[in-house]
Amino acid sequence: MTLVYLYNQILNLIELKNGSIKEVEKKVLSDNWYTLNKYTFKYQRTDGTWEKQEREAYDRGNGAAILLYNSKKGTVVLTRQFRMPTYVNGNEGGMMIEVCAGLLDGDNPADCVRKETEEETGYKISKVQKVFKTYMSPGSVTEILYLFVGEYDESMKVSDGGGAENETENIEVLELDFNEAMKMVASGEIKDAKTIILLQRAKMNALV
Ligand SMILES: Nc1nc2c(ncn2[C@@H]2O[C@H](COP(=O)(O)OP(=O)(O)O[C@H]3O[C@H](CO)[C@@H](O)[C@H](O)[C@@H]3O)[C@@H](O)[C@H]2O)c(=O)[nH]1
Ligand SMILES: [Mg+2]
């Protein structure tokens, strides 16, 4: 019995709570900016037999995103930035309109989303409201994305935003009429899932 086997068994018992999954082994395929792992495991079928399966999972940590809205003005604040993965897969020009979002980097989701709001949009907000916890791409990406909404107004504007200096983000800040933003969802101009979910949530709950 090797140490790796023992380690994997312990991992199974402590962290993984599915009795139909066993002998989970992890191999790092790429560990550059984020990590791509390959998991090999045994999966118990409904007839009781065990089959060996392999799945790759991209681990870039967890993230948080927020829809900033102003109910008096009827507006929302969104961001616009170049997203390479979309550029190479059918998004002409590669620009994406998204709610403000970022990776947790060790922070709790609420603190992360406040920090990202200030960095990316220039608004210093304190009150944020958690709405959902989502897996955006559960077949391939491990990430949990925590979704929030929060009110902003002009008194909270402390800088131009644009993203962290050291991250070459080049983020453009957009303040849009809420109905205009909903039209952009319908037309396909807004095509980012977290953004669509949060805009629809705002519509359903009549936030704006
Ligand atoms: N050098 C380098 N830099 C990278 C790489 N990938 C990301 N970065 C830098 O790291 C920054 C991370 O910025 P965050 O604001 O923390 O994350 P995000 O990319 O905006 O993440 C949000 O959007 C994602 C896509 O929808 C979400 O997956 C994520 O949860 C979050 O919502 C990027 O903007 C970029 O500057 C890379 O492969 N190489
Ligand atoms: Mg971001």
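Since the model is a prediction, treat every value here as computed from it, not as a measurement. Numbering of ligands and ligand atoms starts at 1, following listing order.
- Only protein N, O or S atoms were scored, and 2 of them lie under 2.8 Å from the Mg ion (ligand 2).
- Ring centroid separation for the pair Tyr87 and Phe82 comes in under the 6.0 Å cut-off.
- Evaluated for a side chain to side chain contact (heavy atoms under 4.5 Å, CB included) with Leu198, the options Leu68, Ile66, Val131, Leu78 yield exactly one hit, Val131.
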Hey, mind stepping through Ser71 and Glu151 against side chain to side chain donor-acceptor pair (under 3.5 Å) and telling me if it holds? CA-CA 8 Å; Ser71 43; Glu151 284 222 57; 3.3 Å; yes

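- Every residue was checked against the salt bridge (charged side-chain N to carboxylate O under 4.0 Å, His left out) condition with Glu56, not counting sequence neighbours, and none meets it.
- In summary, the atoms of ligand 1 found under 4.0 Å from a heavy atom of Glu120, numbered by their order in the structure, are 15 (O).
- Counting only non-hydrogen atoms, the option in Ala101, Gly61, Cys100 that gets closest to atom 32 (O) of ligand 1 is Ala101.
- Nearest to atom 18 (P) of ligand 1 by heavy atom, out of Arg83, Glu116, Glu169, is Arg83.
- Exactly one of Lys157, Arg80, Lys73 qualifies for a salt bridge (charged side-chain N to carboxylate O under 4.0 Å, His left out) with Glu175. That residue is Lys73.
- At least one heavy atom of Lys194 sits closer than 4.0 Å to an atom of ligand 1.
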Full working for side chain to side chain donor-acceptor pair (under 3.5 Å) between Tyr135 and Thr142: CA-CA 7 Å; Tyr135 289 98; Thr142 61; over 6 Å; no

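- Checking side-chain atoms of Arg55 against main-chain N and O of Tyr39 turns up no donor-acceptor pair under 3.5 Å.
- Counting atoms of ligand 1 from 1 in the listed order, those under 4.0 Å from a heavy atom of Leu145 are 30 (O), 32 (O).
- Judged by a 6.0 Å distance limit and a 45° cone about the ring axis, Arg201 is positioned over the six-membered ring of Phe132.
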